[in-house]
Amino acid sequence: MAGEKKIVFHIDVNSAYLSWEAVDQLQHGASLDIRTIPAVVGGNPEKRHGIVLAKSIPAKKYQIKTGETLYAARLKCPGLAIFPPRYDLYIRCSEAMLALLREYSPSLQRYSIDEVFLDYTNMEDHFGDPLKAAHQIKDRIHRELGFTVNIGVSNNKLLAKMASDFAKPDQVHTLFPAEVPEKLWPLPVEDLFMVGRATAPKLHRLGIYTIGDLARADPALLKKRLKSHGILIWNYANGKEDSPVGDFPGIKSVGNSSTIAFDVEDRKTAHMFLLSLTEMVAMRLRNAGYLARLVAVSLKSKEFFSYSHQRKLYSATDSTNQIYGTAVSIFDEMWKGEPLRAIGVRAGDLVENSRQQLSLFDPGNLLKQQAIDAAVDKIRNKYGSNMIMRAVFLHSGIKPLTGGVWEEDYPMMSNIL
DNA sequence: TCTGGGGTCCTAGGACCC
DNA sequence: TCTGGGGTCCTAGGACCC
């Protein structure tokens, strides 16, 4: 199909977590719409999770930013309303939106819980020209689901995504290649996708302040200073991007990490958290049908110094015990004894379970481990995670599984992508 | 004063082999 | 005694996204 132009929509929920909280409150009889007052969704500071996850537009007027501490946010706006996150609600809202979008195209890509790419190419016969369809989608989401979205329309994913970030809320914007000089180039370079807080100052030192400056910069110079990332963002600044909608390559790793309400200062407690985290990692690995050939442990000290170590395995595994044993061994080698604020476990270098190679040395033990894990998974899936736990957690005050569906703070967040 | 969690990709250096 | 380059694998750390 040489020369054929794709049509891509990027649908982005406005202030997603906060909007979804507002809609749920209204549906349960609330008279106040928290989207109309300074309000945020944020974690619990007593558990050391106290950051802003989403903010209302009135909260934004107080310069409150996503990711900053609730403490700082309250200093800026003393009357700020704060709501805890409810990931189960967000999943339901996200699913409802996805179901509606599926009516408009078979080709969707869920980029995150609140962002979807939709390939509208060849759909004009069904729903009219792209702008008409985008408005219809936006209005239906508002009317039928109660929250608003921005929709960006263009010929590729990058431009559609940049377009959905224009004026908010509840708007459709186009950013076709011909509009790039007028609509994209005047923006500050840090507004460009993939230009973050490390890249922006490097570009500033080269005299590049707008996306237009970047588009006109010498790619050879960018490559020299920023390596392959320089070429990537130069292409983006020129509106060049050509990845297909959907078509994910599959998952590459499964991880679970947690900031702990207190500092961990002894090995035994650290090991319990490693086990708690590993239980969830391994179960998700098994549910997804993968085996891991790499285990990584990451630590964050009380002083916010982060470091990680990883180790290749001799054979791929999805066994809780095997991953846990490796994690403990890595931890004991790397931990310098300082108080720990956060601990993480990640399983990587994945292979599909069906292509598994049994270790030549101990196939019997592997099969036994798999039988145990499968039995535990079955009980947890059927009766709930608390029906079965390892004895070390009894009376420990530490949850037998951390993260995922069973953590009331972040249920299912990690399971959906 | 307080600072989350889930990911992916890239780079650089060292080990090891031919 | 003194002299290579590739190529691959592994590890640690950093940058970016939502």
Side-chain angles (χ1 to χ4, degrees), chain A residues 10 12-13 15-17 41-54 65-76 84-85 87 90 94 109-117 157-158 161 164-165 190 192-202 223 226-233 236 243 248-261 277 280-281 284 288 293-313 330 333-334 341-350 402-404 407 409-417:
Chain A
H10 179 253
D12 189 336
V13 180
S15 311
Y17 291 180
V41 171
N44 180 354
E46 285 175 15
K47 289 186 170 176
R48 310 203 288 192
H49 289 102
I51 63 161
V52 173
L53 296 163
K65 296 186 172 60
T66 301
E68 80 178 338
T69 60
L70 291 179
Y71 180 88
R74 245 189 296 239
L75 285 183
K76 293 175 181 174
Y87 290 96
Y90 309 156
S94 179
Q109 178 181 351
R110 187 181 221 167
Y111 186 68
S112 72
I113 194 165
D114 66 336
E115 289 183 42
V116 180
F117 290 103
K157 289 201 288 186
L158 183 270
K161 182 163 167 57
S164 70
D165 209 31
E190 46 268 47
L192 184 65
F193 182 65
M194 291 304 281
V195 176
R197 74 192 147 94
T199 305
K202 291 179 193 166
K223 169 122 200 221
L226 299 163
K227 310 298 177 190
S228 63
H229 192 66
I231 298 302
L232 179 82
I233 59 176
Y236 284 180
S243 65
F248 333 61
I251 57 169
K252 302 282 169 62
S253 68
V254 175
N256 189 196
S257 64
S258 184
T259 292
I260 298 155
L277 294 161
M280 180 57 63
V281 167
R284 285 173 48 207
R293 291 184 294 196
L294 181 83
V295 175
V297 173
S298 60
L299 304 178
K300 188 194 277 178
S301 75
K302 182 185 178 182
E303 269 80 37
F304 276 80
F305 177 73
S306 295
Y307 57 112
S308 70
H309 280 209
Q310 61 185 53
R311 186 180 297 168
K312 280 282 280 183
L313 305 175
I330 294 169
E333 275 179 36
M334 73 189 284
R341 175 190 177 87
I343 300 179
V345 174
R346 177 163 296 276
D349 199 0
L350 306 185
T402 299
E407 168 87 45
D409 294 342
Y410 299 98
M412 281 177 70
M413 182 57 186
S414 48
N415 264 9
I416 60 133
L417 295 178

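We name chains A, B, ... by the order of the sequence lines, and we start the count at 1 in each one.
Using a 90° window around 0 for the glycosidic torsion, B:dT1 falls inside it and is classed as syn.
If you find the closest nucleotide of DNA chain C to A:Phe193 and to A:Ser308, the one lying nearer the 5' end belongs to A:Ser308.
Within the structure, a side-chain polar atom (N or O) of A:Lys161 is placed less than 4.0 Å from OP1 or OP2 of C:dC18.
Closest contact between the side chain of A:Ser257 and the listed nucleotides C:dC18, C:dC17, B:dG5 involves B:dG5. Here the side chain of A:His229 is nearest to one of C:dC16, B:dG6, B:dT1, namely C:dC16. Of the candidate nucleotides C:dC16, B:dC2, B:dG5, B:dC2 has the atom lying nearest to any side-chain atom of A:Thr69. Closest contact between the side chain of A:Ser112 and the listed nucleotides B:dC2, B:dC10, C:dC18 involves C:dC18.
At a threshold of 4.0 angstrom between heavy atoms, the contacts of A:Ser306 with the nucleic acid are absent. Within the nucleic acid shown, A:Phe304 comes within 4.0 Å of at least one base atom, counting heavy atoms only. A:Lys300 comes within contact range of the sugar-phosphate backbone alone, with a heavy-atom separation under 4.0 Å but no base atom that close. Using a 4.0 Å heavy-atom cutoff across all strands shown, A:Glu68 reaches no nucleic acid atom at all.
One atom, CG of A:Leu53, and another, C1' of B:dG4, lie 7 Å apart when rounded to the nearest Å. Distance CD (A:Gln310) to P (C:dC9): 15 Å, rounded to an integer number of Å. Atom-to-atom, CD1 of A:Ile51 to C1' of B:dG5 comes out at 8 Å; the value is rounded to the nearest Å.
Between C:dC18 and B:dT3, the distance separating the two P atoms is 23 Å to the nearest Å.
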